[in-house]
Structure formats: C-alpha cells, structure tokens
Amino acid sequence: MKRIEIILGDITKLQVDAIVNAANTTLLGGGGVDGAIHRVAGPGLLEECRKLQGCPTGEAKITGGYCLPARYVIHTVGPVYRDGKQGEPELLASCYRNSLRLAVAHHLKTLAFPCISTGVYRFPKGKAAGIALREIGDFLVHHTDFEKITAVCFEEEDYRLYRQLVKKMGLES
Ligand code: AR6
C-alpha cells in the first residue's frame with residue numbers, strides 16, 4: 001500500500017494538508033515536536049490554541065498552520081506511559097483515530113504524524129509504532145480516496161522500527 005510513507009525528518013518542513021502535533025492537555029505548547037511546531041508556526045498558532053481551552057488525552061483538535069508549510073495542525077494528546085495497564089494503548093490508538101476523523105471532516109487528503117507519546121511521554125517505541133501503523137493501515141483500507149499518510153520519524157531508531165513493521169504487517173507493496 002503506497003499510500004503509507006515512512007520518512008526520517010522534521011515534520012515542520014512538510015507541505016501536506018495537515019501535520020499532527022503531539023501536544024499536552026493545555027494545548028499551550030511545550031518541548032519536542034510541539035515546541036518545534038509552535039516555533040515555526042509563529043504566535044498566531046498559540047493565540048488560536050488558547051481559544052480551544054485544552055484537549056483531553058486521546059482526543060484531537062484542529063487549527064490553522066500559520067507560518068508552517070502545512071495548511072492545518074491537528075493537535076492530539078497522547079497518553080503518558082506508566083505500565084501499559086492504565087489504558088495507554090487504547091488512548092494512543094484513539095489519538096490516531098480521532099486525528100484521522102478530523103482530517104476526513106475537513107476534507108483533507110494528505111496527513112503527517114509524528115511518533116506520538118514516544119518522547120517525553122515514554123511510550124515504548126516498538127509498541128507505539130505497531131499501534132500507529134495498525135490504525136493508519138485500517139483507516140486507509142476504509143478511506144480509498146485518502147491520498148497519503150506520512151509517518152515522520154525524527155529518530156533513526158523509530159525509522160528502523162517503522163520500516164520493519166510496515167513490511168511485516170504487509171502494508172507495503
Ligand atoms: N519532527 C518530527 N518529530 C519530532 C520532531 C520534529 N521536528 N521533534 C521531535 N520529534 P515528544 P510526546 C519526535 O516528546 O512523547 C511536549 O512537551 C520525537 O523524537 O515531542 O507525545 C508536549 O507539549 C519523538 O519521537 O512528544 C507534551 O507535554 C516524538 O516526536 C509532551 O512533550 C514525540 O516526542 C508530549 O510528549
């Protein structure tokens with residue numbers, strides 16, 4: 001399935017309909033990919049985020065892209081990983097599903113995801129990659145008009161894991 005693309009790089013540079021932000025429940029910025037997105041988007045993004053009044057874990061909200069090459073930013077809040085028995089896998093899957101649902105509602109056709117929760121929130125990378133690719137793969141099967149979903153790996157380790165898994169899961173032609 002060529003509509004899944006795995007790349008090693010910086011999500012803020014992608015010219016897609018929307019990039020997904022791994023935010024926190026305040027939606028008021030932070031470190032990691034969230035910090036990078038706000039830095040490139042500029043102050044207009046924070047201003048719009050303030051009006052959203054936060055976002056619960058596992059859910060997603062959409063804003064404009066401001067100075068980013070992407071038209072929109074979909075902010076989702078991944079779970080903080082504790083022991084894997086506090087609903088973390090289900091919440092992570094919800095992040096992907098709710099982000100994709102918003103993309104459809106806004107008639108978007110190209111979307112890029114970072115490796116949600118695998119940084120500061122410490123979700124084990126292999127497990128997170130499996131959940132991400134399962135949700136993305138399922139979505140594309142049911143949305144044949146969606147053009148492309150890019151999984152953006154910022155770290156070599158994530159890139160290797162995604163490449164391995166995408167083959168193992170039969171998501172690549
Ligand atoms: N492009 C793509 N991926 C990136 C980039 C980038 N420019 N920068 C970092 N990553 P994290 P989380 C990767 O910590 O674990 C923030 O402070 C990074 O290598 O950004 O969901 C929020 O405000 C890692 O693989 O997000 C929250 O408080 C992945 O993005 C908290 O961190 C996710 O790492 C969210 O933690």
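All values reported here derive from a predicted model rather than from experimental measurement. Counting starts at 1 for both ligands and their atoms, in listed order. FYI, the numbering just counts along the sequence from 1.
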Taking the side chain as every heavy atom from C-beta outward, state whether [X] and [Y] have any pair of such atoms under 4.5 Å apart.
X: Leu8; Y: Glu156; answer: yes
X: Ile74; Y: Leu111; answer: yes
X: Glu88; Y: Leu91; answer: no

Option set [options], criterion heavy-atom distance to [atom], minimum:
atom: atom 7 (N) of ligand 1; options: Leu8, Asp10, Asn21; value: Asp10
atom: atom 22 (C) of ligand 1; options: Leu92, Asp34, Val80; value: Asp34
atom: atom 33 (C) of ligand 1; options: Cys115, Pro114, Gly32; value: Cys115
atom: atom 4 (C) of ligand 1; options: Tyr81, Phe154, Tyr121, Phe113; value: Phe154

> Which is it for Ala22 and ligand 1 at heavy atoms under 4.0 Å: side chain, backbone, both or neither?
Replying inline: both
> Taking heavy atoms and a distance under 4.0 Å, where does Asp158 meet ligand 1: side chain, backbone, both or neither?
Replying inline: side chain
> Which atoms of ligand 1 are found less than 4.0 Å from any heavy atom of Gly30?
Replying inline: 17 (O), 23 (O)
> For ligand 1, which atoms have a heavy atom of Ala36 less than 4.0 angstrom away?
Replying inline: 7 (N)
Look only at interatomic distance and state if [X] has a nitrogen or oxygen under 3.5 Å from any nitrogen or oxygen of ligand 1.
X: Ser117; result: yes
X: Asn24; result: yes
X: Gly119; result: yes

Rounded distance [0.5 Å steps], [atom1] in [X] versus [atom2] in [Y]:
X: Leu46; Y: Tyr66; atom1: CG; atom2: OH; answer: 10.0 Å
X: Thr150; Y: Phe113; atom1: OG1; atom2: CZ; answer: 10.5 Å
X: Glu155; Y: Cys115; atom1: CD; atom2: SG; answer: 7.5 Å

>> Among residues at least two apart in sequence or on other chains, which ones pass salt bridge (charged side-chain N to carboxylate O under 4.0 Å, His left out) with Lys109?
In response: Asp145
To check your reading of the model: name the closest protein heavy atom to [atom], its residue, and the distance in Å.
atom: atom 19 (O) of ligand 1; value: Glu155 OE2, 2.5 Å
atom: atom 14 (O) of ligand 1; value: Val120 N, 2.9 Å
atom: atom 17 (O) of ligand 1; value: Gly31 N, 2.7 Å
atom: atom 2 (C) of ligand 1; value: Ile11 N, 3.6 Å
atom: atom 24 (C) of ligand 1; value: Thr118 OG1, 3.7 Å
atom: atom 20 (O) of ligand 1; value: Val33 N, 2.8 Å

> Where do Gly78 and Cys95 come nearest, in terms of heavy atoms and distance?
Replying inline: CA-SG, 3.6 Å
> Aromatic rings Phe139 and Phe146: how do their planes relate, parallel, tilted or perpendicular, breaks at 30° and 60°?
Replying inline: perpendicular
> Would one find more than 12 heavy atoms of other residues, nucleotides or ligands at under 6.0 Å from atom CD of Gln15?
Replying inline: no
Solution key, residues 126-135 side-chain donor-acceptor pairs under 3.5 Å, sequence neighbours excluded:
from	atom 1	to	atom 2	distance (Å)
Lys127	NZ	Tyr81	OH	3.2
Glu135	OE1	Arg97	NE	2.8
Glu135	OE2	Arg97	NH2	3.0

